[in-house]
Enquirer: 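Supplied in structure tokens, the structure appears directly below.
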Amino acid sequence: MTPEELSRTLVGALTSLTERGVVALDGGVPSSVTVERPKNKAHGDYATNIALQLSKQASLPPRVLADALAKELQHADGIAAADVAGPGFLNITVSAAAQGEVARAIVEAGATYGTSTRLAGNRINLEFVSANPTGPIHIGTGRWAPVGDSLARVFTALGADVTREYYFNDHGAQIDRFCRSLLAVARGQEPPEDGYVGNYLVDIADQVVAGHPGVLELPDDEAKEVFRHQGVELMFADIKRTLHDFGVDFDVYTHQQTLHDSGAVERAIDRLREMGNVYEADGAVWLRTQKYGDDKDRVIIRSTGAPAYIAADLAYYLDKRERGFDLVVIMLGADHHGYVGRLLAMCQAFGDTPHENLEVLIGQMVNVVRDGKPVRMAKRAGSVVTIDDLIEALGVDAARYALVRYSTDSNIDIDLALWTSASNDNPVYYVQYASARLASILRNATELGIAWSAADFDPSLLADDREGDLLRALAEFPRVVSAVADLRQPHRLARYLEATASTFHKFYDVCRVLPLGDEEPTDLHRARLLLVEATRTVFVTGLGLLGVSAPERM
RNA sequence: GCGCUCGUAGCUCAGCUGGAUAGAGCAGUGGACUUCUAAUCCACCGGUCGCAGGUUCGAGUCCUGCCGGGCGCGCCA
């Protein structure tokens with residue numbers, strides 16, 4: 001019995017009560033009933049507060065309504081007990097046989113367990129990372145790489161049509177500084193005051209010079225152009241390589257420059273003008289964003305005639321919508337949260353609906369700490385803590401996990417000493433260890449020549465508390481995947497896997513799966529093997545959605 | 001000054017969008033390996049959920065005001 005099935009059972013019970021006239025509901029019978037897992041074991045396997053919620057509609061005290069439901073449930077399949085408690089909670093105990101069916105369902109579903117089609121037909125564009133090609137990706141920007149990628153995996157698992165997109169900012173003053181810095185490094189000169197610093201510049205500069213002998217003899221302007229084209233390209237290739245090593249690959253890279261070159265910017269402004277949301281003042285062109293909740297209106301074309309940064313964003317958003325995306329999601333760092341208001345206002349200025357067509361997610365900052373002292377992270381400070389550093393120190397799995405395990409609402413401190421030296425404390429190992437243990441049991445069972453199958457599985461044999469706990473944990477998986485998608489919070493999946501790993505380790509401690517010594521395999525051994533297979537399935541799928549491997553051995 | 005955001009155990013963090021006696025890991029103390037991976041398990045210790053009001057059957061969760069940390073507030077990108 002899954003929570004969904006239990007919800008349907010409860011709806012059935014309510015329907016039956018209303019049809020027989022025992023209960024009259026003003027608003028009709030709800031289409032689903034929320035079922036939760038009580039924190040306290042004394043409150044049953046599952047609990048619902050539906051009687052408290054429907055009390056007014058039914059014009060009955062909560063406990064009376066709950067009592068009627070409890071009586072109704074006594075005849076329902078798979079229900080071992082239903083008790084009214086407290087102000088009107090209904091605590092439900094599921095029979096072992098019904099609970100055990102979860103294992104069979106999971107094994108039969110295999111890799112599709114936890115997936116669904118509830119987002120089928122949705123076209124979603126996820127833009128994340130989008131670091132400027134002026135240096136390696138640092139950890140703060142990189143936070144969204146595993147998080148955004150996990151979100152993409154989860155949306156895809158729920159049937160959505162997902163595009164991962166990277167916005168390549170190759171058009172502004174920062175690029176200009178980057179080029180001048182490269183040129184200076186190539187010539188062995190001091191970098192410009194406002195330039196970038198770091199060894200990576202030397203590598204890039206060397207490569208540009210190697211590819212273009214004589215470039216250093218060119219006049220400044222021409223040399224700078226060579227460095228612009230080649231340097232940016234090399235830097236960008238390096239960023240792509242880093243992300244690829246990190247298990248994050250994008251479907252579309254959009255270059256800001258092309259939005260300007262193709263006339264997309266003018267078209268977007270024209271469209272906004274038609275909507276009556278553009279005006280001119282002080283020699284500049286403005287967008288009416290204040291009308292849509294922004295602090296003030298924004299300049300889109302400066303009085304010099306040069307487009308402001310937001311101009312490209314207008315074109316970019318329109319471009320995404322014209323490419324057919326229903327939902328455009330942009331993931332930014334907290335240092336850009338001031339930008340959210342104008343983006344949502346822009347969305348509305350186009351006649352779209354904020355939060356429905358455009359969503360802006362803000363990830364709080366990542367601080368890197370070494371020996372209790374903060375490590376400077378700004379690219380131009382020369383002391384860069386990059387995603388490459390993190391991967392080198394922790395490996396891809398742990399590095400991804402370290403960034404995806406925390407809510408993006410919180411700023412996090414990553415203590416390098418801790419994460420590098422005491423990596424055994426990393427929760428990812430706890431989860432992966434469970435996964436490896438599961439694989440090991442299945443491997444040993446096969447070596448022992450034990451056969452088990454979903455077809456001859458007796459679910460009622462899984463009657464131990466630890467087995468019930470594990471089954472209920474596994475039954476939660478689809479709800480967790482759904483919640484990750486709805487709330488855009490992959491960290492929930494990581495936490496779920498940690499809790500489920502704990503539940504499994506406890507089961508393993510108490511419930512022997514394989515026969516001991518010369519013992520003949522029994523139906524209980526085979527039933528537990530099916531449970532182990534079901535558990536392994538959840539870990540493989542769950543870790544896969546996080547982009548973390550589920551090792552067979554450790 | 002204005003805006004966004006966070007504040008939960010000594011430390012790092014969860015808390016399923018309002019449910020029952022607030023949970024994990026680490027740290028600390030004490031236990032469990034001749035048998036499926038001890039990277040594990042068990043027990044104990046640890047809390048005025050920043051503070052004060054409000055909303056209601058019920059608030060860590062929602063509202064208001066303070067306090068404290070982070071980040072923003074350009075015809076920069």
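Just so it is clear: chains get the letters A, B, ... in the order the sequence lines come, proteins before strands, and each one is counted from 1. Every value quoted in this text rests on a predicted model; they were computed, and no experiment measured them.
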Enquirer: For A:Ala445, answer base if it contacts any base atom (sugar-phosphate contacts may also be present), sugar-phosphate if it contacts only those atoms, and nothing otherwise; contact means non-hydrogen atoms under 4.0 Å.
Expert: nothing
Enquirer: Taking A:Tyr316 as the fixed residue, which of A:Ile310, A:Leu259, A:Val265 is the one that meets the side-chain contact (heavy atoms from CB on, under 4.5 Å) rule?
Expert: A:Leu259
Enquirer: Report the nucleotide, chosen from B:C42, B:A14, B:C71, that has the shortest atom-to-atom distance to any side-chain atom of A:Met365.
Expert: B:C71
Enquirer: Compare the aromatic ring of A:Tyr508 with the six-membered base ring of B:C36 and state whether they stack according to the 5.5 Å and 30° rule.
Expert: yes
Enquirer: Measure from the side-chain heavy atoms of A:Asn132 and tell me the nearest of B:A14, B:A77, B:C75.
Expert: B:A77
Enquirer: When the C1' atoms of B:C44 and B:C63 are compared, how many Å lie between them, rounded to an integer?
Expert: 41 Å
Enquirer: Pick base, sugar-phosphate or nothing for A:Asn169, based on heavy-atom distances below 4.0 Å to the nucleic acid.
Expert: sugar-phosphate
Enquirer: Of all the heavy-atom pairs spanning A:Ala82 and A:Ala70, show the shortest one and how long it is.
Expert: O-CB, 3.7 Å
Enquirer: Any stacking of A:Phe89 on B:A20, going by centres under 5.5 angstrom and planes within less than 30 degrees?
Expert: yes
Enquirer: Look at the side chain of A:His337 and the base of B:C71, then say whether one donor and one acceptor between them are separated by less than 3.5 Å.
Expert: yes
Enquirer: Using the P atom in both, what is the distance from B:A59 to B:A27, to the nearest Å?
Expert: 36 Å
Enquirer: Between B:G3 and B:A20, how many Å separate the two P atoms, rounded to a whole number?
Expert: 34 Å
Enquirer: When the P atoms of B:C16 and B:G23 are considered, how many whole Å apart are they?
Expert: 14 Å
Enquirer: Look at the side-chain N and O atoms of A:Tyr309 and state whether any lies under 4.0 Å from the OP1 or OP2 oxygen of B:A77.
Expert: no
Enquirer: Which of the following nucleotides, B:C36, B:U37, B:C75, is nearest to the side chain of A:Val513?
Expert: B:C36
Enquirer: Does atom NZ of A:Lys56 have more than 12 heavy-atom neighbours, drawn from other residues, nucleotides or ligands, at distances under 6.0 Å?
Expert: no
Enquirer: Donor-acceptor check, side chain of A:Thr503 to backbone of A:Asp469, threshold 3.5 angstrom: yes or no?
Expert: no
Enquirer: Taking N and O atoms by type only, does the side chain of A:Ser303 place a donor or acceptor under 3.5 Å from a partner on the base of B:C75?
Expert: yes
Enquirer: Between the main-chain N or O of A:Arg288 and the side-chain N or O of A:Asn277, is there a donor-acceptor pair closer than 3.5 Å?
Expert: no
Enquirer: Determine, stepwise, if the pair A:Lys224 / A:Asp176 fulfils side-chain contact (heavy atoms from CB on, under 4.5 Å).
Expert: CA-CA 9 Å; A:Lys224 225 173 72 182; A:Asp176 197 56; 3.3 Å; yes
Enquirer: At under 4.0 Å between heavy atoms, what does A:Tyr496 touch on the DNA or RNA strands: base, sugar-phosphate, or nothing?
Expert: nothing
Enquirer: Counting any heavy atom closer than 4.0 Å, what does A:Arg492 reach on the DNA or RNA strands: base, sugar-phosphate only, or nothing?
Expert: sugar-phosphate
Enquirer: Would you jot down, in residue-number order, the residues of residues 39-52 of chain A having a non-hydrogen atom under 4.0 Å from RNA chain B?
Expert: A:Lys39, A:Asn40, A:His43, A:Ala47, A:Asn49, A:Leu52
Enquirer: Taking the side chain of A:Gln489 as its heavy atoms from C-beta onward, which of B:A39, B:C36, B:G15 lies nearest to it?
Expert: B:G15
Enquirer: Is there a donor and acceptor pair closer than 3.5 Å between the side chain of A:Asn426 and the base of B:A39?
Expert: no
Enquirer: Counting side-chain heavy atoms from C-beta on, which of B:A77, B:U37, B:G69 comes nearest to A:Asn411?
Expert: B:G69
Enquirer: Give me the ring orientation class for A:Phe236 and A:His255: parallel if the planes are under 30° apart, tilted from 30 to 60°, perpendicular past 60°.
Expert: perpendicular
Enquirer: Looking for any heavy atom pair under 4.0 Å, which part of the strands does A:Ser407 touch: base, sugar-phosphate only, or nothing?
Expert: sugar-phosphate
Enquirer: Applying a 4.0 Å non-hydrogen cut-off, can you work out what A:Leu487 is touching in the nucleic acid: base, sugar-phosphate, or nothing?
Expert: base
Enquirer: Under the side chain to side chain donor-acceptor pair (under 3.5 Å) definition, can you give me all pairs with a residue in residues 294-307 of chain A, not counting sequence neighbours?
Expert: A:Tyr279-A:Asp297, A:Thr289-A:Asp294, A:Asp294-A:Arg298
Enquirer: On RNA chain B, nearest-nucleotide positions of A:His171 versus A:Leu90: which is more 5'?
Expert: A:Leu90
Enquirer: Ignoring the backbone of A:Arg437, work out which of B:C75, B:A14, B:U37 is nearest its side chain.
Expert: B:U37
Enquirer: Give me the distance, rounded to whole Å, that separates B:C76 from B:U17 when you measure between the P atoms they each carry.
Expert: 45 Å
Enquirer: Please state the C1' separation for the pair B:U61 and B:A43 - nearest whole angstrom.
Expert: 32 Å
Enquirer: Could you work out the separation of B:U8 and B:A24 based on their C1' atoms and round it to a whole Å?
Expert: 13 Å
Enquirer: With rounding to whole Å, what would you report as the distance between B:A9 and B:A14 at their P atoms?
Expert: 12 Å
Enquirer: Return the 5'-most residue of the pair A:Ala284, A:His505 with respect to RNA chain B, ranking by each residue's nearest nucleotide.
Expert: A:His505
Enquirer: Begin with the C-alpha distance, continue with both residues' side-chain angles, and end with the deciding distance and a verdict on salt bridge (charged side-chain N to carboxylate O under 4.0 Å, His left out) for A:Arg536 and A:Glu552.
Expert: CA-CA 10 Å; A:Arg536 167 82 184 161; A:Glu552 300 207 350; 3.8 Å; yes
Enquirer: Take A:Tyr309 and A:His171 through the test ring-ring contact (aromatic ring centres under 6.0 Å, His included) and record every step on the way to the result.
Expert: CA-CA 9 Å; A:Tyr309 182 76; A:His171 180 78; 9.4 Å; no
Enquirer: When we call it a touch if two heavy atoms are under 4.0 Å apart, what does A:Arg512 touch: a base, just sugar-phosphate, or nothing?
Expert: base
Enquirer: Of the options B:U40, B:C13, B:U37, whose atoms approach the side-chain atoms of A:Tyr430 most closely?
Expert: B:U40
Enquirer: Taking only the side-chain heavy atoms of A:Gln364 (C-beta and beyond), determine which of B:G70, B:U37, B:A14 contains the nearest atom.
Expert: B:G70
Enquirer: With a 4.0 Å cut-off on heavy atoms, is A:Glu552 in touch with a base, just the backbone sugar-phosphate, or nothing at all?
Expert: base
Enquirer: In terms of side-chain heavy atoms of A:Asn91, which of B:C36, B:A20, B:C13 is nearest?
Expert: B:A20
Enquirer: Of the candidate nucleotides B:G19, B:U12, B:A77, which contains the atom at the shortest distance from the side chain of A:Glu36?
Expert: B:G19
Enquirer: Show me the dot-bracket string of RNA chain B, counting Watson-Crick or G-U pairs under 3.5 Å, with | for pairs to another strand and [ ] for crossing ones.
Expert: (((((((..((((.....[...)))).(((((.......))))).....(((((..]....))))))))))))....
Enquirer: For A:Asp170, report the nucleic acid contact type (base, sugar-phosphate, nothing); a contact means any heavy atom under 4.0 Å.
Expert: nothing
